[in-house]
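A short worksheet on the structure shown next.
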There are 2 protein chains.
Amino acid sequence: MADRGRRDQILHAARTLFSEKGYHATTIRDIAQMSGLLSGSLYAHIRTKEDLLFEITDEVADQFLEGLQAVVDSADPPPVKFRRALVSHIQVVARNLDAARVFSHEWRALQGERRDRIQQKRDEYERLWTAVLSEGVAAGWFYPSHQRFARMVSLSVANWVYQWYDPSGQLSPEEVAGRLADVLLTGLQKPAASSKAPMGEVSSACPTE
Amino acid sequence: MADRGRRDQILHAARTLFSEKGYHATTIRDIAQMSGLLSGSLYAHIRTKEDLLFEITDEVADQFLEGLQAVVDSADPPPVKFRRALVSHIQVVARNLDAARVFSHEWRALQGERRDRIQQKRDEYERLWTAVLSEGVAAGWFYPSHQRFARMVSLSVANWVYQWYDPSGQLSPEEVAGRLADVLLTGLQKPAASSKAPMGEVSSACPTE
DNA sequence: CCTACCGATCGGTAGG
DNA sequence: CCTACCGATCGGTAGG
């Protein structure tokens, strides 16, 4: 309790370094130095290096899940849910840039049961996205043939946001999410161009999935 | 020359292990064992562990660049180029699953000049995607307001494909790319649903870039 | 929280 | 390509 601040400092250092150099390339001495301690002293506050990785990863996983769960539970129509799901994701990334990177890139360094637990949360997150999209299909808003690929595209976008999103830039998470949603909901092409239909409709041959 | 086969074997082992466990978590002894050698014997064929990472990363980077350059150089209309760019990318991923993972995840482990060289190729690849999209905007096919976000979405999708694409699955790279292109070019929503316009058009407030 | 240090393992080398 | 081994560094511990 008394060293709550110190522990947060250590967690912050670990987040920064894991995000920057990766888990395995970060040494316990790096973390200690950034926390203003010597390496041996770290162990007054943590048990293992892997504890830090798990704590960082698990915490942001919960944020992703809580945010998306609230969207799924709402009564909004599917396209609004879709937008809000993107907003939620990008907000979590924007508020936890380093942790989001670690969550996306470094969770494989976890072992055994803890790795399984993070994997379960990742799977659960994917299920919630699927729920948003399949609800849209069921209510007649989205193309059934697009469902599986729409999920892949959405998850790709979501999982890549931390690579390019700049929280200190001009666009808020809500604005970025809104424009991404525009691209995904409306498509790239202008209606006039789209009606020219330059190639055969591959999607018409798609099973519902 | 005489041990060309052995060197390829070592490269193959390194690709597999770097992809699976990451560069830093893979030891020289892991690579040697998978190649049927003892660790010391590896150094008859390689100079350093980092050489292996660079060779793997650089080779697949060139494949990405050559494929996309051919698309950019073609005379096809922009939406066809967009489709073909996705096809090219997914073909490279499908034919080099492990190398593509390493390219996306592990290149940061490179140091100094070699890291710069891979970074340059990554930048060049992004420029080629930008060319495909801006050409589409210039010719009036794509929304100017979507350009930056369309690039982010396209690169996100491209960079995430190796996470879920199954080369032994039923869909060829061309089919997967075609359906992804459908989602991106046409949007998620059915025309009827899309005309209901559930939320204000954020995109109308977008500057051109 | 520091001093002092541990066993293990790392990438890589020498000599044959 | 193996045997034998290196210096360095790793995550972590004991004792205070």
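Convention: sequence-line order gives letters A, B, ...; per-chain numbering from 1. Note that the coordinates shown come from a computational prediction; the quantities given were computed from them, not determined experimentally.
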Whole-Å gap separating C1' (dC1(D)) and CZ (Arg7(B)): 16 Å
Protein proximity profile, nucleotides 9-16 of chain C - base contact B, sugar-phosphate-only contact S, no contact -, cut-off 4.0 Å on heavy atoms: -BBBB---
Cationic tip of Lys49(B) above Tyr23(B) ring, under 6.0 Å, 45° of axis: yes
dG15(D): pairing nucleotide in any strand, Watson-Crick or G-U under 3.5 angstrom: dC2(C)
Carboxylate-amine/guanidinium proximity below 4.0 Å for Glu106(B) and Lys21(B): no
Separation of atom CG in Leu38(A) from atom P in dT3(C), rounded to whole Å: 6 Å
side-chain contact (heavy atoms from CB on, under 4.5 Å), paired with Ile118(B), selected from Leu53(B), Asp123(B), Leu110(B): Leu110(B)
Pair Glu124(B) + Lys121(B): basic N to acidic O under 4.0 Å: no
Pairing partner of dA8(D) (Watson-Crick or G-U wobble, both distances under 3.5 Å): dT9(C)
Where at least one partner belongs to residues 86-114 of chain A, residue pairs that pass ring-ring contact (aromatic ring centres under 6.0 Å, His included), sequence neighbours excluded: Phe64(A)-His89(A), Phe64(A)-Phe103(A), His89(A)-Tyr125(A), His105(A)-Tyr162(A), His105(A)-His105(B)
Thr48(A) versus Glu50(A), side-chain donor and acceptor atoms under 3.5 Å: no
